[in-house]
Enquirer: 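Following this message is one structure expressed as structure tokens.
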Amino acid sequence: MKSFPIMRKPLGANRETGVWRGEGKACPEQSEGSLPRNFLEERAAQVPPNHLLALSGLICLIAISSLGQSRSLTIGLQGTFQASHPLQEKEEAASFVDDLLHTPLLFLNAKWQWKCGLCSEVPSLANKRLKIVEKGDSEALELSFNLSPNSFWDDGTPVTTDDLLLTWDLARQARKENRPSRFPDAIEDIVVEDKRTFKIMMNVSGEPLRNVTELFLVPRHLEKVLWDKANSWHSYLTQSFFVTDPTLPGLYNGPYSLRHASKTLTLSANEHGRSPFPFQQIDVHMFPSSAPFLSKSLLGGFDLIPSHVVWDDNLEFFRSLETSKDIQHDITVGETQFFEHIDFNLQNPVFRDVQVRRALAFAIDKDVLISQILEEWAIPALSFCHPQSPYFDENAAFYEFSLPKARTLLSASHWVPGQDGIREKNGRKLTFELWTIQDKLRESFAHYLAKTWGELGVKVSVVLLPLNRFRDAVGKRQFPGMALYAWHLSPYQSMRETFHSSAIPSVRNSYSGLNTSAWNDTEVDNLISQLDTTLPFDKRKKLHASLQIKYAAELPSLPLFFRVRAALLRKEFKNYTIMPSKTGTGQIEQVPYF
């Protein structure tokens, strides 16, 4: 597979010269077994700057066409069309279409920056739109917004706080009925001042703007009469115009309006929108199964195939397309927030010794893992924090590949090779199980790691489980040794759900936590508590750096890589950028992804 231009080669040291690839400087001397440092001057995998003009699911797309604005754009998606109601949760393909039709209050762009969708100014401490206020005996976070005067529904009706209030009513009813909705759960109250001005109240917990990125609105002038007639959330959804008449003008406030809905969707530029694409029409072809989708794609039937499919399917799909000599498209690769890693069971006596955990980290050759198994379709993870994140700390420890250091650490911990070559200590063999999901890619990772660790005298048994069984076992911390999987891990979320001791899954918290390694550290808990109540960026960055340094020292899990995704774009169209968010323009909440 070819190497893509926006991706740098995996970072690491040349094992013959000791020079950091791409940096031209020697790796400083270190004592055997000591924690290494990351001396990189640049962040890994820098993406060239792009001008972002419009929102569309996982991407922002300029799509400058040399053929002029009259040409339509043809998009191919694998999936099925679902009702376009902005509060309904959807599959990823449907979310891609949804975000062409709806504009969120805020979104995170490809440079990991907050940008306004429906609002006129992003709240911050500097503009005093972001503050902590007293609320009874506690404190609350207050975010002040003004709706942009250029925001309109596609029938010309202005977007106002009346729409926000109806959306808030609908979301609260969904909560009462324990129904899922695409509305930020962290919002506790909304205070409206006038048709354009309002305040959002929520608990003080982590990065505040992350909790309002998925705020999409429902048009009151069309939907209020239907809501008044309904007696439940479910009843309302069955009567909503988004279901019964999805092409009705006035339902959408995004760059495009839905004009025809079947297997092929027809979207037309919203003449009342603020920044429509330079295409008057978009035709979206939906394929429920992969075979006809791939067949049509190989024939060059689409201008754009976005990166909406799941990662392993995405990889195989674009590998197939690359082999086609007839296809007249360019492949674009972009970042994601999917963090592939291995959790330790820290209650296993073997892994209570941090030297064992560090030894296993030194024995992972990420260059080989990424180049030979993934064929460069990943960015090496130096930590749990993405190298493009504004909170990424280049001074945190980085475990470069070194089998000698790994052997030294194990020997120093009195794990010595036995007669069969497997290390042992006090009569116990250094052996454990590595659990992962039954799919080809993870099976390849797992067997590669088992082979590498075998060179240290460590015996690893790979256990492959069906998705649901793996999810349940890991969620209840039933894996005896290690678990290989991925998180969708945003730098803007609270780390409480991930690393705080209260997030260790147990009967007490109904197995709702994500700290499946059972990392229990008072200093980490204190850092997370400070992060949850600290707003200034410079102070948050220092706290994040301390957490990354602590993570590198303790290694509750082994960071492997961050996934990338690819999209196919016809050669005459340029400047297509894949968004790092999971789905939609603003979804940055951490979601365990198996």
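Note that the structure is predicted; figures quoted are calculated from it, not measured.
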Enquirer: Does the distance from a Lys or Arg side-chain N to an Asp or Glu carboxylate O, for Arg182 and Glu89, drop under 4.0 Å?
Expert: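 Between Glu89 and Arg182 there is no salt bridge, as every charged N stays at least 4.0 Å from the carboxylate O atoms.
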Enquirer: How about Glu223 and Ser240: does a side-chain donor come under 3.5 Å of a side-chain acceptor?
Expert: yes
Enquirer: Evaluate ring pair (Phe, Tyr, Trp, His ring centres under 6.0 Å) for His544 paired with Phe392, printing each intermediate quantity in order.
Expert: CA-CA 8 Å; His544 266 286; Phe392 178 72; over 10 Å; no
Enquirer: Got a donor-acceptor contact below 3.5 angstrom from the Ser151 side chain to the Leu147 backbone?
Expert: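 Not confirmed, Ser151 side chain does not pair with Leu147 backbone.
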Enquirer: Strictly distance-based, threshold 3.5 Å: is any side-chain N or O of Lys366 a donor or acceptor partner for the main-chain N or O of Ala381?
Expert: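 Confirmed, Lys366 side chain pairs with Ala381 backbone.
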Enquirer: Taking the side chain as every heavy atom from C-beta outward, state whether Thr533 and Ile132 have any pair of such atoms under 4.5 Å apart.
Expert: no
Enquirer: Which class fits the ring pair His102 and Phe242: parallel under 30°, tilted 30 to 60°, perpendicular over 60°?
Expert: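 Rings of His102 and Phe242: tilted, as their planes differ by 30° to 60°.
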Enquirer: Would you mind checking if Lys224 and Asp228 are paired as a salt bridge, meaning a charged N to carboxylate O distance below 4.0 Å?
Expert: yes
Enquirer: How long is the span from the CG atom in Asn270 to the CH2 atom in Trp153, to the nearest 0.5 Å?
Expert: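 It comes to 10.5 Å.
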Enquirer: Any heavy-atom pair between the side chains of Ile282 and Leu304 that's under 4.5 Å?
Expert: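 Side-chain contact under 4.5 Å: no.
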Enquirer: How about Met202 and Val212: do any of their side-chain heavy atoms sit closer than 4.5 Å?
Expert: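 Heavy-atom side-chain distance check passes, below 4.5 Å.
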Enquirer: Taking all heavy atoms of Gly156 and all of His272, pick out the closest pair and write down the distance.
Expert: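 Where Gly156 meets His272 most closely, the heavy atoms are N-CD2, 3.4 Å.
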Enquirer: How about Ser517 and Arg357: do any of their side-chain heavy atoms sit closer than 4.5 Å?
Expert: no
Enquirer: When rounded to the nearest 0.5 angstrom, what is the spacing between NE2 in His85 and CG in Leu101?
Expert: 13.0 Å
Enquirer: Taking all non-hydrogen atoms of both residues, which atom of Pro158 and which atom of Asp163 are closest, and how far apart?
Expert: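 In this case the closest contact between Pro158 and Asp163 is O-OD2, 3.9 Å.
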Enquirer: Check the side chains of Asn127 and Ser124 for a donor-acceptor pair under 3.5 angstrom, ignoring hydrogens and angles.
Expert: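 There is such a pair between these side chains.
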Enquirer: The test is side chain to side chain donor-acceptor pair (under 3.5 Å); show your working for Ser95 and Asp98 and say whether it passes.
Expert: CA-CA 5 Å; Ser95 293; Asp98 240 25; 5.8 Å; no
Enquirer: Any donor and acceptor pair, going by atom type alone, linking the side chain of Asp525 with main-chain N or O of Ser501 inside 3.5 Å?
Expert: yes
Enquirer: For His488 and Phe338, take the angle between the two ring planes, folded into 0 to 90°, and tell me which bin it lands in: parallel under 30, tilted 30 to 60, perpendicular over 60.
Expert: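 His488 and Phe338: perpendicular rings.
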Enquirer: When you measure from the side chain of Ser389 to the backbone N and O of Cys385, does any donor-acceptor pair fall under 3.5 Å?
Expert: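 No.
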Enquirer: Would you say that Arg129 contacts Glu121 through its side chain, given a criterion of any heavy-atom pair below 4.5 Å between the two side chains?
Expert: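 Side-chain contact under 4.5 Å: yes.
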Enquirer: Would you find a donor on one side and an acceptor on the other, under 3.5 Å apart, between the side chain of Ser181 and the backbone of Leu87?
Expert: no
Enquirer: Would you check, one step at a time, whether the test side chain to side chain contact (heavy atoms under 4.5 Å, CB included) holds for Leu489 with Thr498?
Expert: CA-CA 9 Å; Leu489 190 59; Thr498 312; 4.2 Å; yes
Enquirer: Once rounded to the nearest 0.5 Å, what's the spacing between atom CG of Leu531 and atom CG of Leu543?
Expert: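 Rounded to the nearest 0.5 Å, the CG-CG separation comes out at 4.5 Å.
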Enquirer: Apply side chain to side chain contact (heavy atoms under 4.5 Å, CB included) to residues Val122 and Leu106 and explain how you reach the verdict.
Expert: CA-CA 8 Å; Val122 177; Leu106 284 171; 3.9 Å; yes
Enquirer: Do the non-hydrogen side-chain atoms of Thr516 and Pro505 ever get within less than 4.5 Å of each other?
Expert: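 Sidechains of Pro505 and Thr516: in contact.
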Enquirer: Roughly how far, to the nearest 0.5 Å, is the CZ atom of Phe562 from the OG atom of Ser383?
Expert: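 Here the interatomic distance stands at 7.0 Å.
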Enquirer: Going through the checks in order, is the side chain to side chain contact (heavy atoms under 4.5 Å, CB included) test met by Leu535 and Leu141?
Expert: CA-CA 10 Å; Leu535 296 183; Leu141 196 64; 3.8 Å; yes
Enquirer: Quick one, Asp154 with Ser257, criterion side chain to side chain donor-acceptor pair (under 3.5 Å). Give me CA distance, side-chain angles, the key distance, then yes/no.
Expert: CA-CA 7 Å; Asp154 59 356; Ser257 304; 2.7 Å; yes
Enquirer: Roughly how far apart are Asp393 CG and Leu547 CG, rounded to 0.5 Å?
Expert: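 So the CG of Asp393 and the CG of Leu547 are separated by 10.5 Å.
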Enquirer: Taking it one step at a time, do Thr103 and Tyr252 satisfy side chain to side chain donor-acceptor pair (under 3.5 Å)?
Expert: CA-CA 8 Å; Thr103 299; Tyr252 308 106; over 6 Å; no
Enquirer: If we only count heavy atoms from C-beta on, is the Phe96 to Ile75 side-chain gap below 4.5 Å?
Expert: yes
Enquirer: On a heavy-atom basis, which atom in Arg540 and which in Thr534 lie closest, and how many Å separate them?
Expert: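 Result for this residue pair: NH1-O, 2.9 Å.
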Enquirer: Using only atom types and a distance under 3.5 Å, with no angle test, would you say the side chain of Tyr551 pairs donor to acceptor with the backbone of Ser557?
Expert: yes
Enquirer: Hey, what's the ring geometry for Tyr391 with Tyr492, parallel, tilted or perpendicular (30° and 60° as the breaks)?
Expert: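 Perpendicular, since the angle between the ring planes exceeds 60°.
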Enquirer: Could you check Phe561 against Phe339 for ring pair (Phe, Tyr, Trp, His ring centres under 6.0 Å), going step by step and ending with a plain yes or no?
Expert: CA-CA 6 Å; Phe561 55 83; Phe339 172 55; 9.0 Å; no
Enquirer: Tell me whether Arg358 contacts the main-chain N or O of Ala553 through its side chain, where contact means a donor paired with an acceptor under 3.5 Å.
Expert: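 It does hold such a pair.
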Enquirer: Without hydrogens or angle criteria, can the side chains of Ser120 and Arg196 be said to hold a donor-acceptor pair below 3.5 Å?
Expert: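 Not at all, the side chains of Ser120 and Arg196 share no donor-acceptor pair under 3.5 Å.
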Enquirer: Should the ring pair Tyr236 and Trp227 be called parallel, tilted or perpendicular, given that the plane angle runs from 0 to 90° and is split at 30 and 60?
Expert: perpendicular
Enquirer: Looking only at heavy atoms, which two atoms of His221 and Gly250 are closest? And how far apart?
Expert: CE1-O, 3.7 Å
Enquirer: So which heavy atom on Arg175 is nearest to which on Phe183, and how close?
Expert: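 The answer is NH2-CD2, 4.2 Å.
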Enquirer: Does the pair Leu165 and Phe198 meet the rule for a side chain to side chain contact (heavy atoms under 4.5 Å, CB included), with working shown?
Expert: CA-CA 10 Å; Leu165 288 175; Phe198 64 97; over 6 Å; no
Enquirer: Taking the six-membered ring for Trp, are the ring centroids of Phe279 and Tyr256 within less than 6.0 Å of each other?
Expert: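 No: the rings miss the under 6.0 Å criterion.
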Enquirer: So, taking the atom named CG in Asn515 and the one named CD1 in Ile504, what distance separates them when rounded to the nearest 0.5 Å?
Expert: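 Those atoms lie 5.0 Å apart.
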Enquirer: Consider only side-chain N and O atoms of Asp194 and Thr197, and report whether a donor and an acceptor are under 3.5 Å apart.
Expert: yes
Enquirer: What are the two closest non-hydrogen atoms of Leu209 and Pro123, and how far apart are they?
Expert: CD1-O, 4.0 Å
Enquirer: If you define the side chain from C-beta out and look only at heavy atoms, does anything of Phe384 sit under 4.5 Å from Met495?
Expert: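 Yes, close enough: below the 4.5 Å cut-off.
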Enquirer: Can Glu177 and Gln173 be said to form a side chain to side chain donor-acceptor pair (under 3.5 Å), step by step?
Expert: CA-CA 6 Å; Glu177 298 179 23; Gln173 183 61 35; 2.7 Å; yes
Enquirer: Flag yes if more than 12 heavy atoms outside Lys550 fall under 6.0 Å of its NZ atom; otherwise flag no.
Expert: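 Enclosed.
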